[in-house]
There are 4 protein chains.
Amino acid sequence: MGTEGDAGNSASEGDTGSGTATDAAGDTHEAIMGATYRALCEHGYADLTMQDIADEFDKSRSLLHYHYDTKEDLLLAFVDQMVGWIGDRLAETETDEPLPRLAEYVDRFVIEPDESDRQTFAVAIAELRVQAVHHPQFREKLQAHYERNVETVADILADGIEAGVFRDVDPERVGEAIYTAMVGARTYQVTLGAADATRRMRDAIAEFVIRELLVADRDVPEYVG
Amino acid sequence: MGTEGDAGNSASEGDTGSGTATDAAGDTHEAIMGATYRALCEHGYADLTMQDIADEFDKSRSLLHYHYDTKEDLLLAFVDQMVGWIGDRLAETETDEPLPRLAEYVDRFVIEPDESDRQTFAVAIAELRVQAVHHPQFREKLQAHYERNVETVADILADGIEAGVFRDVDPERVGEAIYTAMVGARTYQVTLGAADATRRMRDAIAEFVIRELLVADRDVPEYVG
Amino acid sequence: MGTEGDAGNSASEGDTGSGTATDAAGDTHEAIMGATYRALCEHGYADLTMQDIADEFDKSRSLLHYHYDTKEDLLLAFVDQMVGWIGDRLAETETDEPLPRLAEYVDRFVIEPDESDRQTFAVAIAELRVQAVHHPQFREKLQAHYERNVETVADILADGIEAGVFRDVDPERVGEAIYTAMVGARTYQVTLGAADATRRMRDAIAEFVIRELLVADRDVPEYVG
Amino acid sequence: MGTEGDAGNSASEGDTGSGTATDAAGDTHEAIMGATYRALCEHGYADLTMQDIADEFDKSRSLLHYHYDTKEDLLLAFVDQMVGWIGDRLAETETDEPLPRLAEYVDRFVIEPDESDRQTFAVAIAELRVQAVHHPQFREKLQAHYERNVETVADILADGIEAGVFRDVDPERVGEAIYTAMVGARTYQVTLGAADATRRMRDAIAEFVIRELLVADRDVPEYVG
DNA sequence: AATGAATGAGAGTTCATTCAT
DNA sequence: CATGAATGAACTCTCATTCAT
């Protein structure tokens, strides 16, 4: 999957280490987050009820309130979870070279038609982002997420500039443009069903941005269309 | 205002003819659409109730149901209205020259911090777009809207290519990239409060895309950063 | 049709004489009664709305209120209409001889499976009768209707007794029994779909009651099973 | 009470065992059925609201929806309850001899003026029966109830025929006639306030039907007027 | 006579939340 | 930890009725 995770039903993966009380609590938490994710995907934020979440959980509605006082608390924790799922993947990289890293970053946004999990995940993110307008607490968490993403690209760009691979542009500005453009294309693709919109944006960025970023005397490598 | 209208409380502008029966009906319709717009902006789609709309209306709640059988019907009509408000402005242009027209198109997305109406309008659009995932009827209407936007840029590009102003790129592809990138930046700006994100994206497009589009032997005009 | 009319869409039959203002008013009244009848049959009393009636009428809902202040007023008038429709037929008879008249009276209750109009009419009567419990004004009107029916049989019986055809029973008592038994069977048939229940009751009355009523030295005529 | 129960506020009678969980659930169910019965009697089916039922209940309106998804579900369960209340009493008898049993069966329909509970119950049954026309699910349940009643009389008659007490008539046909005639009289009495109509019908049946049924050489016993 | 627009009361239903167990 | 029962507020929608035209 791309930059912004696939998680969801893979919620309970990971540290299913021992059977301690701490783990049990953690498992319940993860199970609720997973249930929330699935319920959100199925019903949409506007129609999401505690019952919908409980239905995806194998436990009762009351138990949700035992763990989270209110629906809002639960959703706040869920935003953290979402952001966390993504963030964990953000730093992953297979190379240290700036150009491949930049290409890799952009590539991660491309959603193929058969990747329904990632599509679903992107929808969930889009849902939450819109709620940020009316929920300051959502906003703060998602702002941090956006900034972290921008920073990730900016770091790649800064590295490339320092290494003499990229022109001397403002890494923050260009990073933001790349990130928000990819998110724009992704939102278009997943909300309105514009097949391959992410792929086309990736290509456009490769052609118009990345190619331009390269210092003149270098060869244009394969990563750039 | 930019490409995607300011409408809402300006609902009754236009044919302020006389007090005929036709106007009365039309006025009520427009009043409801305006009330819906204001209620949507204030409460957000997820929390929007018929009461909220009635509160922005100077008539009773039941009257909403008299004119629209269900909440869904009303919102469907509202999507049409939104799309219509925008579409009416889309074709407007002050010049026929491709480059200024392209610059003008992109400029229209820039939202200044003091333009709260346009910010609010952009939020409303973003809200509706997310609902498209779960509401096929919303999706269809918004798909048409998106395609109309892309087509508008594509036409400008095609004209420019034919006039020898732009390089021979695929107008559709590039047009889509420009549109979805601007929308992505706008969504970032209005949902997460990223001040000037639209301005920065406009600049990035001018620098990376428009400049690249120009045929080599032309001077780079003022429109481009 | 039997004792209790078929009316309904035949509402406007009768005095469609001239085009005077009085007739116009009468026509509207009859049209509303007819519409009410059809709406009642289609929706049932419990679900009957003014809109349902207006839908069967070719006029607006408001017009109903122009002619009848309230729904209750309209329904009260409708009960009168129903009772009237039936009453008009009650006195009709083809013969003066007590036995055939009694047989004729009972026969009129028999509803054949293909007589959907009469079935529908009987349902309407049953609906109204139940409302009598909670609506004193309905009750009064229907009590009079019942008594008139009982009286009709009682008269036949009294005539027969006087003529020496029937035994000296209490005409009122036996008349009531015959009438309420036939109505019971009819209600069974039309509400629970008990095919031919009216026919079977008619036969049972012929066998057990009418045969018994005949004075001993007479031959049992064909009317009696 | 007669054949068709008195129930209602006597809902919780019977197993007032302990405070087990089972009882609690059962009690609530019974309490709702009882409240529904009382509300139905007071307001009539056509005007019966969930609020009316809740008012007769000592719990909240929402609890009704907790136990029954919809008003229709609740009423469907209520029809079952009504039919059940009656059915439980149907088989009860104090004797094995056909003639007394038949007399006993018919006697049970007689409602004295002071038996307001039974009168009320009969009204409720009549209300539900009319709804059967428009509600197939009501119809099925009530059809079974009617058939069970007819069968009960038919069984008595068949026993009597086999025992040589009654003439060789068709038990089903005569049973149906007796049952529907009694119900017809009862409906007359309780909806239109025809005092003693059930008693008069009982007498008429004794005189015209039961007396006729007896084989010729027997003495007419006291049971038959 | 006839209508469309408008309203207020109240209908059935949903839902987040609480509480006793 | 876990639940079923219970609640009150609020929601969408309906309907008889009124009123201006």
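So you know, we letter chains A, B, ... as the sequences are listed, proteins then strands, and number each from 1.
Here the C1' atom of nucleotide dG4(E) and the CE atom of M50(C) are 16 Å apart, to the nearest Å. Between I53(A) atom CD1 and dT17(E) atom P the separation is 11 Å, expressed in whole Å. Rounded to an integer number of Å, the gap from H43(D) NE2 to dG10(E) P is 13 Å. Atom CG of L64(B) is separated from atom C1' of dA5(E) by 13 Å (rounded to the nearest Å). As rounded to whole Å, 11 Å separates atom C1' of dT14(E) from atom CG of D69(D). Atom NE2 in H65(A) sits roughly 4 Å away from atom P in dT17(E) (whole-Å rounding). Atom CG of D52(D) is separated from atom C1' of dG12(E) by 13 Å (rounded to the nearest Å). Rounded to whole Å, the distance from CG on D47(C) to P on dG12(E) is 11 Å.
R61(A) contributes atom CZ, which lies 9.0 Å from atom CE of M50(A) (distance to the nearest 0.5 angstrom). To the nearest 0.5 Å, atom CG of residue L74(C) and atom CG of residue L64(C) are 6.0 Å apart.
Distances from the side chain of T28(A) to the nucleotides dA16(F), dA2(F), dT13(E) place dA2(F) closest. When each of dA16(F), dT13(E), dG8(F) is scored by its nearest atom to the side-chain atoms of S60(D), the top-ranked nucleotide is dG8(F). Checking dA6(F), dA11(E), dT7(E) against the side-chain heavy atoms of Q51(D) singles out dA11(E) as nearest. The side chain of K71(D) has dT13(E) as its nearest neighbour among dA6(F), dT17(F), dT13(E).
Judged by distance alone, the side chain of K59(B) and the main-chain N or O of I32(B) form no donor-acceptor pair under 3.5 Å. Although no hydrogens or angles enter the test, the distance criterion places a donor-acceptor pair under 3.5 Å between the side chain of D52(C) and the main chain of T49(C). In this structure a side-chain-to-backbone donor-acceptor pair under 3.5 Å is missing from R139(B) to H134(B).
Every residue meeting the ring-ring contact (aromatic ring centres under 6.0 Å, His included) condition with H135(A), not counting sequence neighbours, appears here in chain and number order: F138(A).
Residue-environment remark: CD (Q51(D)) exceeds the threshold of 12 foreign heavy atoms within 6.0 Å.
Comparing K59(D) and E72(B) by the nucleotide of DNA chain F that holds the closest heavy atom to each, the one mapping nearer the 5' end is K59(D).
One N or O donor and one acceptor, one from the side chain of R61(B) and one from the base of dG10(E), sit under 3.5 Å apart.
Looking at heavy-atom distances under 4.0 Å, L48(A) makes contact with sugar-phosphate atoms alone, never a base.
Checking the phosphate oxygens (OP1, OP2) of dA5(F), a side-chain nitrogen or oxygen of Y66(D) falls inside 4.0 Å.
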Protein-nucleic acid N or O pairs under 3.5 Å, nucleotides 19-21 of chain E:
none

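DNA chain F contains the following stems of three or more consecutive Watson-Crick or G-U pairs, with both distances under 3.5 Å: E:2-21 with F:2-21.
Between H29(D) and Y68(D), the ring-plane angle classifies as tilted under the 30° and 60° cut-offs.
Across all their heavy atoms, L40(B) and E127(B) have their closest contact at O-OE2, 4.4 Å. Residues I53(B) and A35(B) share a closest heavy-atom pair of O-CB, 3.6 Å.
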